[in-house]
Amino acid sequence: MSEERSLNFLEQIIEEDIAKGIHGGRVHTRFPPEPNGYLHIGHAKSICLNFGLAKKYNGLTNLRFDDTNPITEDTEYVDSIKADIRWLGFEWAEEHYASDYFEQLYEFAVALIKKGLAYVDDSTPEEIAAMKGTPTEPGKESPYRSRSVEENLQLFENMRNGMYKDGERVLRAKIDMAAPNMHLRDPLMYRIKHAHHHRTGDKWCIYPMYDFAHGQSDSIEHITHSICTLEFVPHRPLYDWFIDKLEIFPSHQYEFARLSLNYTVTSKRKLKQLVSDGIVRGWDDPRMPTLSALRRRGYTPASIRAFCERVGVQKRDNIIEVGLLEYFIREELNRTANRVMAVLDPVRLVITNYPADRVEALQAENNPEDASAGHRTVPFSNTLYIEREDFMENPPKKFFRLAPGQMVRLKYAYIIKCDSVEKDADGNITTIYCSYLPESRSGGDASGISVKGTIHWVSAAHAATAEVRLYDRLFKVEDPGNEEGDFKSYINPDSLQVVSNAYIEPALASAKTGDRFQFLRKGYFCVDPDTTTGKLVFNRTVTLKDTWAKEASKGEKAKA
RNA sequence: UGCCCGAUAGUAUAAUGGUAGUACGACAGAUUUUGGUUCUGUUUGUCUAGGUUCGAAUCCUGGUCGGGCAACCA
């Protein structure tokens, strides 16, 4: 008995098309990135959509690189894009490049010239812009608009043969300079760029514009449903016009609202700036919303897919709360990540009535959500490190952790009671002295005492160390792209906090790059590729939900 | 002020002429050897004015608000 899930608008369109027998019920989509940057979480939505739709309706999805602008594109990006799509869990049917179609597109252009539907314009970029008109005023026809077919054919061939400099001439479609839709005012089809292309090398010096490449590429591949984002809606009449005039396979374009996340930016231009300005350490800096960064941070493909599924697909602009993404990774890691203990901000704790030469190997369950995860042993001794924030000299009412005279349980171990503290000259606590209840050992507690709080710890003599990188949101404001001034002025200065010497339980010393753990009470962490044999580096993927922190900050606000 | 797109709780998303529901969040409580998890409960919504209809979030009209469009970018 499966739950009835309603169809999104694209699924409705596809089901109607299948019912009507359009294209024989065939569904073929494509994912068309431009190789000029790394994929981000917004692309994940598009990938899940295009591949997901095809899968649902027994269709296929092509990967096609929209590489019509040699200036900005690079194979580095091609490789990262392919890796990211596969990491997300999808495999394309065919791999194509718009540049593979350059010859065919050239022939299409020639065909339009022959039909009297395209012409070579000698105007300068400035003149062309001036003749475009404005949204409220019609444009003016170019003086070159009425050239003969023969002349256009010759000039276009000359363009191809490199007889002109960059910007000297363009090929334009002859449509309507008074069209209310600006994109129909004789749009450019080809421009001259004497530039090296990452795939075609120096073979071409004219390159098709997006509008003259995308729809035709879809058509060549017999794409049935060409799905793109909302900003291309006004391009659709042009998309249809070229296909109609060329009399080629009628692909159709459908548009959905792109995904935006709050407290971040998802504009390739802005992301690139963060990288080139050194604000982050690279495209895969774990604070970035790129897929490579999310991967490095510890996000799983399944959590991102679940997120994309959940946010749905619609035509209204939206900004999703990052909290939703965090929910999905917590949800998965809670089920799958082994628990371990790590102390990030240590303070020494000595159990005065525990023999100094004694070491116990305590049993610790790896994952309370998964019995099959088994157990490990954790060494216990009289000198431990605990989290500095787990002790307060003058605790507020509902503070269930350590305080003078107050008792807590050490996870997997004993109940202890704080007897005294030792401070340095500046008043900082250096050591907390406690006594333990020998009969309160975990698993065989005969003390009859129950305590409200349980804290994590590591044995000082047995602890290993690691660098731990704590991340917070990259921006201080919800929609940095829409704020006044430079978006970079809204960077959160505390987005990265490095703990260079965290104490971790010895079992963790053998962790490998990519391994994920829950640091008990602290969050989910993942071993970073910067890890070397001598030095472990962890990234905090996401914190645990922390109702105490919320409670405490409420108290702060009340005081203020 | 030309053309196009859109408007349902804080956020996102359903209801396709017939009881406005779900998820995340927030709030309250229970459980808990993680202030985690889990469970229970609560709160908050159809942009507006008309019209059609027995009945409108849904259809029609006007308005309001938001977004997009005038790159030899995609």
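Every chain is numbered from 1, with letters handed out A, B, ... down the list of sequences.
- With the nearest nucleotide of RNA chain B identified for both A:Pro135 and A:Phe400, A:Pro135 has the one nearer the 5' end.
- Between A:Asn181 atom CG and B:C5 atom C1' the separation is 12 Å, expressed in whole Å.
- Interface remark: the A:Arg409 side chain does form a donor-acceptor pair with the B:U33 base, using a distance-only criterion of under 3.5 Å.
- Distance CZ (A:Arg236) to C1' (B:C69): 14 Å, rounded to an integer number of Å.
- Proximity note for A:His235 (side chain, C-beta onward) versus B:C24, B:A74, B:A15: the nearest is B:A74.
- Checking B:A9 for Watson-Crick or G-U wobble geometry (two distances, each under 3.5 Å) identifies no partner in any strand.
- Residue-level contact check: A:Gly443 touches the bases, meaning some heavy atom is under 4.0 Å from a base atom.
- Between B:C5, B:A14, B:A74, one nucleotide has an atom nearer to the side chain of A:Val233 than all others, and that is B:C5.
- Side chain A:Glu321 to base B:G10: a donor-acceptor pair is found below 3.5 Å.
- Rounded to the nearest Å, the gap between the P atom of B:C47 and that of B:C39 is 33 Å.
- Here the side chains of A:Met159 and A:Glu168 are not in contact, with every heavy-atom distance at 4.5 Å or above.
- The main-chain N or O of A:Glu369 is found under 3.5 Å from a side-chain atom of A:Asn367 such that the two form a donor-acceptor pair.
- By the 6.0 Å contact criterion, NZ on A:Lys417 is open, its count of non-hydrogen atoms from other residues, nucleotides or ligands being 12 or less.
- B:U38 is paired with B:A30 under the Watson-Crick or G-U wobble criterion, all donor-acceptor distances under 3.5 Å.
- With hydrogens and angles ignored, the 3.5 Å screen pairs a side-chain donor or acceptor of A:Ser442 with a backbone N or O of A:Ala413.
- Between A:Val170 and A:Asn367, the residue whose closest nucleotide on RNA chain B is further toward the 5' end is A:Asn367.
- A side-chain donor-acceptor contact under 3.5 Å links A:Asp67 to the backbone of A:Ala98.
- For B:G36, the OP1/OP2 oxygens have a side-chain nitrogen or oxygen of A:Thr547 closer than 4.0 Å.
- For B:A74, neither phosphate oxygen OP1 nor OP2 lies less than 4.0 angstrom from any side-chain nitrogen or oxygen of A:Thr72.
- In terms of modelled atom types and a separation under 3.5 Å, the side chain of A:Lys20 and the main chain of A:Glu15 share no donor-acceptor contact.
- Listed pair A:Lys522 / B:G36 fails the phosphate criterion, with no side-chain N or O lying under 4.0 Å from OP1 or OP2.
- A:His183 comes within 4.0 angstrom of the backbone, heavy atoms only, and of no base.
- Contact of the A:Val120 side chain with the A:Val170 side chain is not registered, since no non-hydrogen atoms from C-beta on lie closer than 4.5 Å.
- With centroids closer than 5.5 Å and planes inclined by less than 30 degrees as the test, A:Tyr210 and the base of B:A74 fail to qualify as a stacked pair.
- As judged by a 4.0 angstrom heavy-atom cut-off over every strand, A:Arg441 is placed among the base-contacting residues.
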> Should A:Asp218 and A:Arg30 be marked as a side chain to side chain contact (heavy atoms under 4.5 Å, CB included) after you check the CA-CA gap, both sets of side-chain angles, and the distance that decides it?
Replying inline: CA-CA 8 Å; A:Asp218 285 340; A:Arg30 104 267 91 112; 3.0 Å; yes
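- Proximity of A:Arg191 to the phosphate of B:A74: a side-chain N or O atom is located under 4.0 Å from OP1 or OP2.
- Within 4.0 Å (heavy atoms only), A:Leu230 reaches no atom of the nucleic acid at all.
- Here B:G36 is the nucleotide among B:C69, B:A70, B:G36 with the atom lying nearest to any side-chain atom of A:Glu369.
- Closest to the side chain of A:Glu34, out of B:U34, B:C27, B:C73, is B:C73.
- Here B:G36 presents its C1' atom at 15 Å from CZ of A:Arg335, a figure rounded to the nearest Å.
- One finds a side-chain N or O of A:Lys193 lying less than 4.0 angstrom from the OP1 or OP2 phosphate oxygen of B:C73.
- Closest to the A:Gln314 side chain, of the nucleotides B:A12, B:A74, B:A14, is B:A14.
- Residue A:Phe232 is in base contact, counting any heavy-atom pair closer than 4.0 Å across all strands shown.
- Residue contacts for A:Arg330: at a heavy-atom cut-off of 4.0 Å it reaches no nucleic acid atom on any strand shown.
- Among the protein residues, A:Lys398 comes within range of the nucleic acid bases, having at least one heavy atom under 4.0 Å from a base atom.
- Taking atom CG of residue A:Asn366 and atom P of nucleotide B:G36, one finds them 21 Å apart after rounding to whole Å.
- Contact annotation: side chain of A:Arg316 to base of B:G66, donor-acceptor pair absent below 3.5 Å.
- Going from atom CD of A:Glu11 over to atom P of B:U16 covers 16 Å, rounded to whole Å.
- Proximity note for A:Gln518 (side chain, C-beta onward) versus B:A14, B:U34, B:U16: the nearest is B:U34.
- Atoms CG (A:Asn262) and C1' (B:A12) sit 11 Å apart, rounded to a whole Å.
- Residue A:Leu324 is classed as a sugar-phosphate contact, given heavy-atom separations below 4.0 Å to backbone atoms only.
- Comparing B:U34, B:U22, B:C72 by their closest approach to the side chain of A:Arg310 singles out B:U22.
- A:Lys545 has no side-chain polar atom (N or O) that falls below the 4.0 Å cut-off from OP1 or OP2 of B:U34.
- Taking only distance into account, the side chain of A:Glu326 never meets the base of B:G25 through a donor-acceptor pair shorter than 3.5 Å.
- Distance A:Asn334 CG to B:U32 P: 18 Å, rounded to the nearest Å.
- Put simply, CD on A:Glu137 is 19 Å from P on B:C69, counting in whole angstrom units.
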